[in-house]
Each structure stands twice: as structure tokens, then as C-alpha cells.
Protein chains: 2
Amino acid sequence: MANQSSRLDQIFAALADPTRRAVVMRLCAGEASVGELADPFDMALPSFMKHVHALEASGLVLSEKSGRVRTCRLRPDALVGAEDWFQQLRAVWEARLDRFEAYVMKLKKEKERAGAKRPSRTTKRKGSE
Amino acid sequence: MANQSSRLDQIFAALADPTRRAVVMRLCAGEASVGELADPFDMALPSFMKHVHALEASGLVLSEKSGRVRTCRLRPDALVGAEDWFQQLRAVWEARLDRFEAYVMKLKKEKERAGAKRPSRTTKRKGSE
DNA sequence: GCTATAGTTAGCTTCATGGCTAACCAATCG
DNA sequence: CGATTGGTTAGCCATGAAGCTAACTATAGC
């Protein structure tokens, strides 16, 4: 769990940089060497390598060295972790809407019941737009 | 565009912290005061406020102060930016698969034709696996 | 009006990040 | 073999992030 969380930390942190996002995009189209990846960026190689390392540490990218060239490729399954988080968020959001709907229903019922008894002051609603 | 990019930077950076992710989750269920939000965390208020500020700067959260209590609520549309990025990524990915498929088709055709003629050296392709 | 509550401001540490240069392997290629 | 190419290591610097305490402001409640 704590590990899970720090994995997400790393993934999101990795994506919080335009260079690294661009690299991910690029790798999405197919594997490439470090040199090829670094080419579009105006940056010294060692600096660029740090980005590659960050991506690798996050699990988003995998690299292998053969001869003197290191080839990187995307690990699409790592992205699932992040997307899952959004999914989970969406679930909570939906639940919220459901709850709101349920709340409205409850209000309606109360109103009906009140109609039979006495027109009481509408309870001040709060907390959901 | 550059602005767009830095917005994404902020969003992903905001999500790259367990505390802030938890806050987002929490707010997803409904709005809450800073105090309520801070309660579960073992952290001084000023420290926590920084997180709230980060979330607000990223556009994920909106807060309003009324009286002495500041109420925060989620801005679901801000999340769309991040999800869109994944969407875009997915599109590139699909394109890649298509291209791969097309490539395989091309190979097949060449093979067939080669059966009639002779297997000529394939031009060295580069950059797309 | 005093006190407790809810945030806020200011200022300080510490550590991580993102960039650089310079020097250093280790494969290729001529 | 010697030079080039492709990465790597090491070390430096500036900035920013994440935490803290202490002191302050402003509302709410009694």
C-alpha cells in the first residue's frame, strides 16, 4: 500500500515534466536509443539521462544496453497505475452524484410527508452545489 | 501551448504527492473546510496549507473563504486536462499498432512479390521498430 | 469584551530536482 | 591501431519543495 502509493508518486512526478512527457509520447510510437530521444532537446546528455533515469525509476520506461547504444521502450502497463487512480476518483465522484440524487429523493419524500402534516421550513441544504 | 504544458506540469506535480491525492479524493466526495481536510494528516497547518495552495495553483481545487473558514471544492474539469493527455497517448499507441500491422502487411506483400522476382534488400527503416 | 477557533504570514531548515562541465569508458569504424 | 561515437560518472550550482515553529489576524461564541 505504502509502496503502491510511492509508485504513483513516481509516475505522476515523472509525468510532471514536459521533457519527460514528450519522451513518453515519443516512445509510445516505438522504441528509440537515448541519443535519438535526446536529439530534439536542447540539453546536455547527462542532464537528459537524468530524465531517462526518472522515467525508468517510475517504471514507465525500460531500457537495455546492447553494444554501446541503450535502447528505451515504453512499458504501457505502468501507465495503468495512473489511469486506475483516475478511475477510482471517477468512482468516488459517481458515488457522490448518486448520494446527491438519493439526498434529493429523501428531500422529496420529506416534503411529501410534510405536505400531509405541516409545511415546515426547508432545511438549509449544504455541501453539494 | 506552452501555457498548456505548464498547466499539465502543475496538475501532475500536484498529483505526485500522497497527501494531495488524498485531499483530491476526499474533495471528490464533497466540499470541505481546510480544517476538516487537514484533520487526518499528522502535519502542522501551515505545511498543510502549502498543499492546498499547490492544488489551487494547479486548478484542481477551488477555495472560498467565508467568515473565518475556507471551504474547498474540487474542480472536476481540471482533471480532464490530465485525462486528455492519457487519451492522446493512447491514440499514439493505437496508431503505432496500426502502423505495425500495416508494416506486417507490407512485408507480406513484398514476400509474395519476391516470390515472383527476387528478395531485394529492404531499405533501412529507422525509428519505428 | 474576552477567549477560543480557523487560517495566515514570516522565516527557517533540509533535501530533491534540473541543469551544467569535464573527464572517463567502451564499442565501432576506417 | 587510433579516432569517433554513444553513454556514463562525478561533482558543482541554483532553485524550489516540504516540513517546522512562532507570532499574528480575524471571526464566533459565551
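Chain identifiers are assigned alphabetically (A, B, ...) following the order of the sequence lines, protein sequences preceding nucleic acid strands; residue numbering begins at 1 within each chain.
Set against C:dG7, D:dG6, C:dG19, the side chain of A:H51 has C:dG19 as its closest nucleotide. Closest to the side chain of B:P46, from the set C:dC20, C:dG7, D:dT21, is D:dT21. Across D:dC20, C:dC20, D:dT8, the shortest atom-to-atom separation from the side chain of B:S47 is found for D:dC20. Residue A:L45 places its side chain closer to D:dT8 than to any other of D:dT8, C:dC20, C:dG7. In this structure, of D:dC20, D:dA18, D:dT8, it is D:dA18 that holds the atom nearest to the side chain of B:D17. For A:R20, the listed nucleotide lying nearest its side chain is C:dG18; candidates were C:dG7, D:dT21, C:dG18.
Looking at A:W85 and B:V24, their side chains come closer than 4.5 Å, going by heavy atoms from C-beta outward. You'll find the side chain of B:L74 reaches within 4.5 Å of the side chain of B:V61, heavy atoms only.
A:E36 places its CD atom 16 Å from the P atom of D:dT5, with the value rounded to the nearest Å. Look at NZ on B:K65: it is 8 Å from P on D:dT27, rounded to the nearest Å. Rounded to whole angstrom, the span from the CZ atom of B:F12 across to the P atom of C:dT17 amounts to 17 Å. At whole-Å resolution of the value, CE in B:M49 and P in C:dT5 are 19 Å apart. As a whole-Å value, the separation of A:L37 CG from D:dG6 C1' is 13 Å. One can place CZ of B:F41 at 14 Å from P of D:dA18, the figure rounded to the nearest angstrom. Between A:M43 atom CE and D:dG7 atom C1' there is a gap of 16 Å when expressed in whole angstrom units. We find that CZ of A:R70 is positioned 13 Å from P of C:dA27, with the value rounded to whole Å.
Of all heavy-atom pairs spanning B:A38 and B:L45, the tightest one is CB-CD2, 3.7 Å. The two atoms that bring A:I11 and A:S58 nearest to each other are CG1-O, 3.6 Å, heavy atoms only.
Comparing B:H53 and A:G67, the nucleotide of DNA chain C nearest to each residue sits closer to the 5' end for B:H53. For A:R68 and B:K50, each mapped to the nucleotide of DNA chain D holding its nearest heavy atom, the one lying further toward the 5' end belongs to A:R68.
Atom CZ of B:R26 has more than 12 neighbouring heavy atoms from other residues, nucleotides or ligands inside a 6.0 Å radius.
Using a 4.0 Å heavy-atom distance criterion, B:S33 is classed as a sugar-phosphate-only contact.
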